[in-house]
*Asks:* 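Sharing a structure below in structure tokens format, with a few things to ask.
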Number of protein chains: 2
Amino acid sequence: MTTLSEENYLKAIYHLGKQGAVAVSTNAIAEKIESKASSVTDMVKKLADKNLAHYIKYQGVSLTNDGRLAAALVVRKHRLWEVFLVENLNFSWDEVHDVAEQLEHIKSLKLVNELDAFLGFPTHDPHGDPIPDKDGNYAPTKSINILELEVGSEGVLALVKDSSDVFLKYLNKNNLALGDVIKVLEFEPFDDSVTIQTKTKEIIISKEVAKNLYLSQ
Amino acid sequence: MTTLSEENYLKAIYHLGKQGAVAVSTNAIAEKIESKASSVTDMVKKLADKNLAHYIKYQGVSLTNDGRLAAALVVRKHRLWEVFLVENLNFSWDEVHDVAEQLEHIKSLKLVNELDAFLGFPTHDPHGDPIPDKDGNYAPTKSINILELEVGSEGVLALVKDSSDVFLKYLNKNNLALGDVIKVLEFEPFDDSVTIQTKTKEIIISKEVAKNLYLSQ
DNA sequence: ATATATTTTTAGTCAAGACTAAAAATAGGG
DNA sequence: CCCTATTTTTAGTCTTGACTAAAAATATAT
Ligand SMILES: [Mn+2]
Ligand SMILES: [Mn+2]
Ligand SMILES: [Mn+2]
Ligand SMILES: [Mn+2]
């Protein structure tokens, strides 16, 4: 059985592992989880003892199959609860994360699978992130970052990579929501800002914003 | 902010306090939460420091207004989640308790109040226990224990006092469910067993069983 | 290749929440 | 009223998961 703290480490390693790197550094984990590298070293040894992680001193950490499945289950629960909160309890997409951080640790396979069925087996959470199935798998996402599109191309906003409430509130303020049709009008070479056509108006978004918006076509 | 452990102590004191006693003994609390009296003494001091409990050495514990409200909120969450699990996620009444024990500690006032609304503001949980409102209040229950009825009287099964899964499974096996009409047919003086007419057949229940069944008329 | 900077681990502490064993207080029976 | 049984508290430990500071390993730059 995994503790709450172990689950948070597993999830951090899981997410960092997706970002390319085979082995994840203790410092990277510490930053993600807002703790210290020394604490990470301690915990990573425990995860290795439980056969949830591979760990070689000074070389970094990766998940075992068991660890990856455990992490995927936590992510699955997090995202299913986010869907529930938005679809059924009148939460907006910028309010769900902190509650989901708590709900993702509730232990009951029946609960997560019944919740999945109740929600109609959703494939994506309110931020466009994919929801792993029971086995931890999900279809590879095919959405493309705005910065990689051609001028004139159009798509549906399918994923916001940053789902911090400050970013989501920025999107709310600018009337941008998942599912909206967006057209790329112009790239500005000076600062890499992008002019886009939204549902309601033409706006200029910074490179930092554009980096976090993915469209599907 | 209360910790998970503090909340479990508050809830235990809350429930024991309902059973008559003004001040609750450390031993009684220890038994209820399956710990040791010495651990209870430690925790009760912390609760007193936080103004959640009144505590006088050797004299027992009671809740302050803040403590009672905090405890009632935990009970409210527990019972609302039980309703959700039964009504929406295909749990049966003997499967909900352990999951509700976890869900009752999720911290979000919006969550509990939206859940309440989603469920249609239920007044009782799947075991017939009343659900406290935001202020910790609930209407006094008027159901009567089977042992206090007259032979020949009839009522609707409204509350099972013991909601352990072993007792609930006994009721399932005997086709007894909340809402069923039950008629008292005979009291046996020798062992205080009771013959009752259920939905489907006539059965004899022991005193121990009868003590836990409450009817409303 | 060596010196320096950065990263990572180790050693030593701390707080929360549990426990056991011993001491202290209370309650009951004669 | 006192002696004993029971209850409750205190003292001392343990485990988990965090931290700081120091040591060790690795990476980088001249
Ligand atoms: Mn989230
Ligand atoms: Mn999300
Ligand atoms: Mn329950
Ligand atoms: Mn209940």
Side-chain angles (χ1 to χ4, degrees), chain A residues 1-14 16-17 19-63 67 70-71 74 101-102 104-105 107, chain B residues 1-14 16-17 19-63 67 70-71 74 101-102 104-105 107:
Chain A
M1 188 73 350
T2 48
T3 67
L4 185 147
S5 190
E6 286 168 352
E7 289 184 346
N8 284 334
Y9 279 93
L10 289 171
K11 196 174 48 144
I13 300 166
Y14 178 84
L16 291 168
Q19 259 82 284
V22 175
V24 176
S25 78
T26 49
N27 255 346
I29 298 168
E31 188 174 351
K32 175 137 245 175
I33 230 169
E34 292 180 309
S35 67
K36 303 290 163 156
S38 56
S39 307
V40 174
T41 302
D42 282 354
M43 180 57 84
V44 147
K45 287 176 181 171
K46 288 179 203 164
L47 294 177
D49 286 346
K50 289 189 167 192
N51 278 301
L52 296 169
H54 300 294
Y55 168 58
I56 307 171
K57 267 193 193 185
Y58 297 102
Q59 306 283 104
V61 192
S62 60
L63 295 179
V74 175
E101 283 293 308
Q102 300 176 63
E104 71 188 8
H105 301 291
K107 283 172 176 42
Chain B
M1 190 70 355
T2 48
T3 66
L4 184 148
S5 190
E6 286 169 351
E7 288 184 346
N8 283 333
Y9 278 93
L10 289 171
K11 196 174 50 145
I13 301 166
Y14 178 84
L16 291 167
Q19 258 85 281
V22 175
V24 176
S25 77
T26 48
N27 256 342
I29 298 168
E31 189 175 353
K32 176 140 242 170
I33 68 183
E34 293 180 307
S35 66
K36 303 289 163 163
S38 55
S39 306
V40 174
T41 302
D42 282 355
M43 180 56 86
V44 146
K45 287 176 181 171
K46 288 179 203 164
L47 295 176
D49 286 347
K50 289 190 168 190
N51 278 302
L52 296 170
H54 300 296
Y55 168 58
I56 308 170
K57 265 192 194 185
Y58 296 102
Q59 305 283 102
V61 192
S62 60
L63 296 177
V74 175
E101 283 293 309
Q102 301 176 63
E104 72 188 7
H105 301 292
K107 285 175 174 39

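Letters A, B, ... are given to chains in the order of the sequence lines, protein chains preceding strands, and every chain is numbered from 1.
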*Asks:* In whole angstrom, what separates B:Tyr58's OH from C:dA24's P?
*Replies:*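 Distance, rounded to whole Å: 9 Å.
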
*Asks:* In whole Å, I'd like the distance from the CE atom of A:Met43 to the P atom of D:dG17.
*Replies:*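 Answer to the nearest Å: 4 Å.
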
*Asks:* Does D:dT10 have its OP1 or OP2 closer than 4.0 Å to a side-chain nitrogen or oxygen of B:Thr41?
*Replies:*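 Checking B:Thr41 against D:dT10: no side-chain N or O falls below 4.0 Å of OP1 or OP2.
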
*Asks:* A:Lys45 has an atom NZ; how far is it from atom P of D:dT15, in whole Å?
*Replies:*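 Rounded to whole Å, this separation is 17 Å.
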
*Asks:* Send over the distance from B:Met1 CE to C:dA16 C1', rounded to a whole Å.
*Replies:*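 Taking atom C1' of C:dA16 as the reference, CE of B:Met1 is at 17 Å.
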
*Asks:* Establish, with yes or no, whether the OP1 or OP2 oxygen of C:dT10 is under 4.0 angstrom from a side-chain nitrogen or oxygen of A:Lys57.
*Replies:*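 Looking at the OP1 and OP2 atoms of C:dT10, one of them is under 4.0 Å from a side-chain N or O of A:Lys57.
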
*Asks:* Nearest whole angstrom, please: distance from the P of D:dG17 to the CG of A:Leu4.
*Replies:*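 Distance, rounded to whole Å: 9 Å.
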
*Asks:* Can you tell me the distance, in whole Å, between the CD atom of B:Gln59 and the P atom of C:dA25?
*Replies:*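 Going from CD in B:Gln59 over to P in C:dA25 covers 13 Å.
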
*Asks:* When the distance from CG of B:Asp42 to C1' of D:dT9 is rounded to whole Å, what number comes out?
*Replies:*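 About 9 Å, once rounded to whole Å.
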
*Asks:* Take the protein atom CD1 of B:Ile56 and the nucleotide atom P of D:dT9, then report the distance between them rounded to whole Å.
*Replies:*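 Interatomic distance, CD1 of B:Ile56 to P of D:dT9: 11 Å.
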
*Asks:* Under 4.0 Å from OP1 or OP2 of D:dA18: is there any side-chain N or O of A:Ser5 that close?
*Replies:*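 Yes, within the criterion.
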
*Asks:* Pick one: which of B:Lys50, B:Lys11, B:Lys46 meets salt bridge (Lys or Arg N to Asp or Glu O under 4.0 Å) with B:Glu6?
*Replies:*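 Only one of B:Lys50, B:Lys11, B:Lys46 forms a salt bridge (Lys or Arg N to Asp or Glu O under 4.0 Å) with B:Glu6, namely B:Lys50.
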
*Asks:* Closer than 4.0 Å, any side-chain N/O of A:Tyr9 to the OP1 or OP2 of D:dA18?
*Replies:*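 Checking D:dA18 against A:Tyr9, a side-chain N or O does come within under 4.0 Å of OP1 or OP2.
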
*Asks:* Check whether any side-chain nitrogen or oxygen of A:Lys46 sits under 4.0 Å from OP1 or OP2 of D:dG17, and answer yes or no.
*Replies:*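 For D:dG17, OP1/OP2 do have a side-chain N/O of A:Lys46 under 4.0 Å.
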
*Asks:* Let's see if you get this right: which residues in residues 25-34 of chain A place a heavy atom under 4.0 Å from DNA chain C?
*Replies:*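 Within this stretch, A:Ser25, A:Thr26, A:Asn27 sit under 4.0 Å of the strand.
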
*Asks:* Distances under 3.5 Å between protein N/O atoms and the N/O atoms of nucleotides 20-22 of chain D, please, pair by pair.
*Replies:*
residue : atom : partner : partner atom : Å
D:dT20  : O4   : A:Ser38 : OG           : 3.1

